[in-house]
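Worksheet: one structure, shown below.
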Amino acid sequence: ASERKRKKGGPKKLTFEEIGGQDNAKQELREALDFLIRHDEIQKLGIRPLKGILLTGPPGTGKTLMAKAAAHYTDSVFVAASGSEFVEMYVGVGAGRVRDLFRDARNRAAKENKQSAIIFIDEIDVIGGKREGGQQREYDQTLNQLLTEMDGIYSSDSPRILLIAATNRKEMLDSALLRPGRFDRHIQVDLPDKKGRKHILELHAKNKPLHENVNLDKIAEESYGFSGAQLESVMNEAAIYTMREGLKEIEQRHLSMSIDKVMMGERTDRESTI
Ligand code: ATP
């Protein structure tokens, strides 16, 4: 079942150009990935290979997009899972799923004739949370299996495996995951600044007809504190308002209305969880 549930990343290849803003994070990630690409040189110099990259930052900032772009950049197969998929009532099931995930990555790389595989685990904190006291024994087995798999990554040379994990709660992670040789590269994926927000809006406006009165600079200013996912929603909602009014082009006021709607939506979501 875990095999079926697992997202495969889809057939579309995503590039770094399709990620708005995040200039520093993209640069740092590309530099880290060059370690995977220049594997032979790195081995000759005796440099410890890179096994894990941790992406940290608020929800919806593009961490998943980054991992997908990383797979494209390094010509790797992309296998994704979420930490919550490993949580089960029965002891050992989570650990088995971790094993399957790595096996799946190796098999797919072999089948698709790729030198490397990128495994992406979103919400790593769900399985990699701090181990305290006697509780969470099931999670312990899952985490132990993950550590074992990571330690084994370079015992076989082909395919090379790189684990990319994401969390918005880095301080919750067990220190075993942060030790050298595990997730020793951390990249912060922050909320976008105004320039980043404009870039993201432009990317999501690409397939949409905009009226000449649209000023994305202003929309970027009005959407202070929005994540990439929220900005994508703003564009989408604006197109829906446009359709409702029977118009063919998105106008500035549709975008302003959408900003309010997305902001309100977030507030209602938050209230409903209290
Ligand atoms: P979470 O922590 O909730 O898993 P995430 O950081 O992994 O979030 P993504 O899943 O990568 O966020 O982003 C969700 C959607 O938001 C993307 O599919 C995309 O449409 C949009 N998005 C987010 N960030 C960006 C960005 N920097 N550029 C363009 N689109 C973005």
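All figures in this text were calculated on a predicted structure; none of them were measured in a lab. First listed ligand is number 1; within each ligand, the first listed atom is number 1.
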Audit row: D151, R182, salt bridge (charged side-chain N to carboxylate O under 4.0 Å, His left out) steps and yes/no: CA-CA 8 Å; D151 293 345; R182 303 230 173 103; 2.9 Å; yes
Distance, nearest 0.5 Å, that separates CG of L203 from CG of L231: 10.5 Å
Qualifying residues under salt bridge (Lys or Arg N to Asp or Glu O under 4.0 Å), relative to D260, sequence neighbours excluded: none
Heavy-atom side-chain contact between L216 and L255 under 4.5 Å: yes
More than 12 heavy atoms of other groups within 6.0 Å of K195 NZ: no
N/O donor-acceptor pair under 3.5 Å between Q22 side chain and D190 backbone: yes
Pocket residues of ligand 1, ordered first by chain and then by residue number (heavy-atom cut-off under 4.0 Å): E18, I19, G20, P59, G60, T61, G62, K63, T64, L65, D122, I200, H204, G228, A229, E232
